[in-house]
Student: 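Handing you this structure, nothing more for now.
All chains are named by letter (A, B, ...) in the order of the sequence lines, taking the proteins before the strands, and each is independently numbered beginning at 1.
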Amino acid sequence: MVSDFGSRRSCGALRASDEGAVVELNGWINRRRDHGGLIFVDLRDRDGITQIVFDPKQPAFADAERLRHEDVLRVNGTVRKRPIGTQNAKLPTGDIEIGVDRVDVLNRSLVPPFAVNTDDDVEENLRLEYRYLDLRRPRLQRNLTIRHRIVKAMRDYFDSREFLEIETPMLIKSTPEGARDYLVPSRIHPGSFYALPQSPQLLKQILMIAGFGRYMQIARCMRDEDLRADRQPEFTQVDVEMSFCTQDDVLEIMETCMRHVWHEVLGVHLPPFPRLSHAQALERYGTDKPDLRFGLELTDVTQIFAHTEFVVFASVVRASGAVLALRYPGGAALSRRDFDALAEIAKGHGAKGMVWVSLDAGGPKSSAAKFIDAATAELLREAVGAENGDAILLFADARGAAASVAGKMRAEIGERCSLRHPGDFAFAWVTDFPLFERDEESGLPAPAHHPFTAPGEGQWDLIDTDPMAMRAQHYDMVLNGFELGSGSIRIHKPQFQRRIFEMLGLTEEQIEQRFGFFVKALDYGAPPHGGMALGIDRIVMLAVGETSIRDVIAFPKNQMARDVMMDAPTSVPESLLRDLALRSAAPVPRPQGGAQ
RNA sequence: GGCGCUGUAGCUCAGUUGGUUAGAGCGCCGCCCUGUCACGGCGGAGGUCGUGGGUUCGAGCCCCAUCAGCGUCGCCA
């Protein structure tokens, strides 16, 4: 970054070849080294650090004695080579320094509450309160820079593939189902509300109906649900939709996008993404977002226990459940107490229990030794491909429940065995999702993704006979165990869309009221279309090796969905509520006692 | 809402089976220092141990409650 304003330069720009140049630098004091008779100041901006030297012979020296961390300076001076032996190889600007002619203190800073010139750990709440200082630190400067490059690479890529970026509104209609909406009350229509978009789903489909053919948008989405390290109430997606396409077309476009981004930004060449069916993913990894950086696939060992006398396993087998085995490399080194702790973790993930078999050199040991003799242990060892020194963990339950627990424990073992290298990028496609899944509470079919997803070829025939068996043209992109996003080929025939709504138990009136505008649009020549949306926050998080998307978002909210810097949300004056025809039903907050 | 971890100086942390005056590094303040770059040297200030209650002769440490932060389950069509 070389500034284009006269003699002004960035703090990362100057080199030995600039010797003799008369320049102006602006920046913050990163560090000051006072030798009494000579003062060095490291001046910092986004671009880098340049050493400024104050000599006692100069009038500016008196100012330099009063400078402190994070003061803001303008420095006018001359670029000169550093004396032999005093160059700093750690800095790109380390061969030169600025001999000061004049310094202006543009602003002073209070002593910052934490060190700005390092990435040392600081309690996150404090970082969020002083986010402007946190953002000055190297880590977030780097993360947001890379985020910019990733988004730019995406825009360039989609532009080159003839996608148009089109903005969609933030104030839209609430369409119940799905996540909880953020609502915005209407002043002009008392008692009525806009919703903030959970995604531009229907709008982008309508853009296809409108004939735009290929759409993309860097779109902000809002969902009022509980937060996680990888979930914020507002987040950003690269949202994509295209007409007259097949599922393979969408996968090709999106996969090439990621390959382009990784190459442009990280200089990494990605291999083709492996494809797994949803059923395969569950069977082999116990999750629909497997971490493919390592193997340790689950093994179905139900047959080995077909005639077991072990009551726990026998009853599972009788109930058509499954016994799933997971290899724990080096797990034989664990003590009984260690295995007990591991079983507790499994229970935390919903396991009814966990049986372990330790393949010790002196013969197998097990928490169910009475029922797992040496021959059985050998069968297990062969089945999971384990070696002496490994352990095998067994989970028995209904097939889905056992797979879910075993999948989470697979991640745990991968972590313990250091198989999840942050620099590895294991992308994958998961395809052939079921169209419906059983709603836990009502027991009725509910859309596995959203109700606009088209079933696969020939699947419509099943809707009256076996809807739960219907496969969808729905696909997820997965990276290192995170779901980056999902997409589908959409239903474009209005009669089919109505059929799905009916299937979900919506009445004619409800369809009209909630989705009438959309079904009407389908009636006017909607083209076949499909698309996808990827979570940019998660992509950037994984690209830069962070473990929370808060570290790739400039102003994130904490786990209680609070903006700690602004202190939002807050109550508002009664008069504002009156304008909106609202009255708060919230309990009167009790005085906050003893925060920190 | 459940479970887990955490809360001691401005920051990051240590603090023994409960025992006298709660420590370290960094930062901060002052003085000294002309080639440092995590500069160095000397000196100094700085603590309701998250909050409230309890047990005890005595609590940073034990117990109960509560607040806050993070992780996770539920939730996220």
Student: Planes under 30° and centres closer than 5.5 Å, is that true for A:Phe40 with the base of B:rU36?
Tutor: yes

Student: At under 4.0 Å between heavy atoms, what does A:Ala229 touch on the DNA or RNA strands: base, sugar-phosphate, or nothing?
Tutor: sugar-phosphate

Student: Please measure how far the P atom in B:rG19 lies from the corresponding atom in B:rA59, and state the result in whole Å.
Tutor: 11 Å

Student: Would you call the rings of A:Phe433 and A:His278 parallel, tilted or perpendicular, taking 30° and 60° as the class edges?
Tutor: tilted

Student: Which residues pass the side-chain contact (heavy atoms from CB on, under 4.5 Å) test with A:Pro569, not counting sequence neighbours?
Tutor: A:Arg562

Student: Please determine, for B:rC5, whether a Watson-Crick or G-U wobble partner exists with both distances under 3.5 Å, and give it or none.
Tutor: B:rG69

Student: Do we count A:His35 as stacking onto B:rC39 if the rule is ring centres under 5.5 Å and planes under 30°?
Tutor: yes

Student: Over 60° means perpendicular and under 30° means parallel, so tell me whether A:Phe452 and A:Phe501 are parallel, tilted or perpendicular.
Tutor: perpendicular

Student: How would you label the contact of A:Gln87 with the nucleic acid (heavy atoms, under 4.0 Å): base, sugar-phosphate, or nothing?
Tutor: base

Student: For the CZ atom of A:Phe555 and the CG atom of A:Leu128, what is their distance to the nearest 0.5 Å?
Tutor: 11.0 Å

Student: Using the P atoms only, state how far B:rG60 lies from B:rU20, rounded to an integer number of Å.
Tutor: 10 Å

Student: Is A:Ile49 touching bases, backbone alone, or none of the nucleic acid, heavy atoms closer than 4.0 Å?
Tutor: nothing

Student: Need one value for A:Pro83: base, sugar-phosphate or nothing, where a base atom within 4.0 Å counts as base even if backbone is also close, heavy atoms only.
Tutor: base

Student: Which is true for A:Asp34 with a 4.0 Å heavy-atom rule: it touches a base, it touches only sugar-phosphate, or it touches nothing?
Tutor: base

Student: May I ask you to decide if A:Asp120's main-chain N or O and A:Arg137's side chain share a donor-acceptor pair within less than 3.5 Å?
Tutor: yes

Student: Please tell me if A:Arg228 has a side-chain N or O lying less than 4.0 Å from either OP1 or OP2 of B:rC73.
Tutor: yes

Student: Using nucleotides 26-30 of chain B, report all nitrogen or oxygen pairs with the protein that are shorter than 3.5 Å.
Tutor:
from   : atom 1 : to      : atom 2 : distance (Å)
B:rC28 : OP1    : A:His69 : ND1    : 3.0
B:rC29 : OP1    : A:Arg68 : NE     : 3.0
B:rG30 : OP2    : A:Arg68 : NH2    : 3.4

Student: With a 4.0 Å cut-off on heavy atoms, is A:Arg127 in touch with a base, just the backbone sugar-phosphate, or nothing at all?
Tutor: nothing

Student: Suppose we define a pair by two distances each less than 3.5 Å, Watson-Crick or G-U wobble; what does B:rC75 pair with here?
Tutor: none

Student: Does this structure show an ion pair linking A:Glu412 with A:Arg420, if we count only N-O contacts that are shorter than 4.0 Å?
Tutor: no

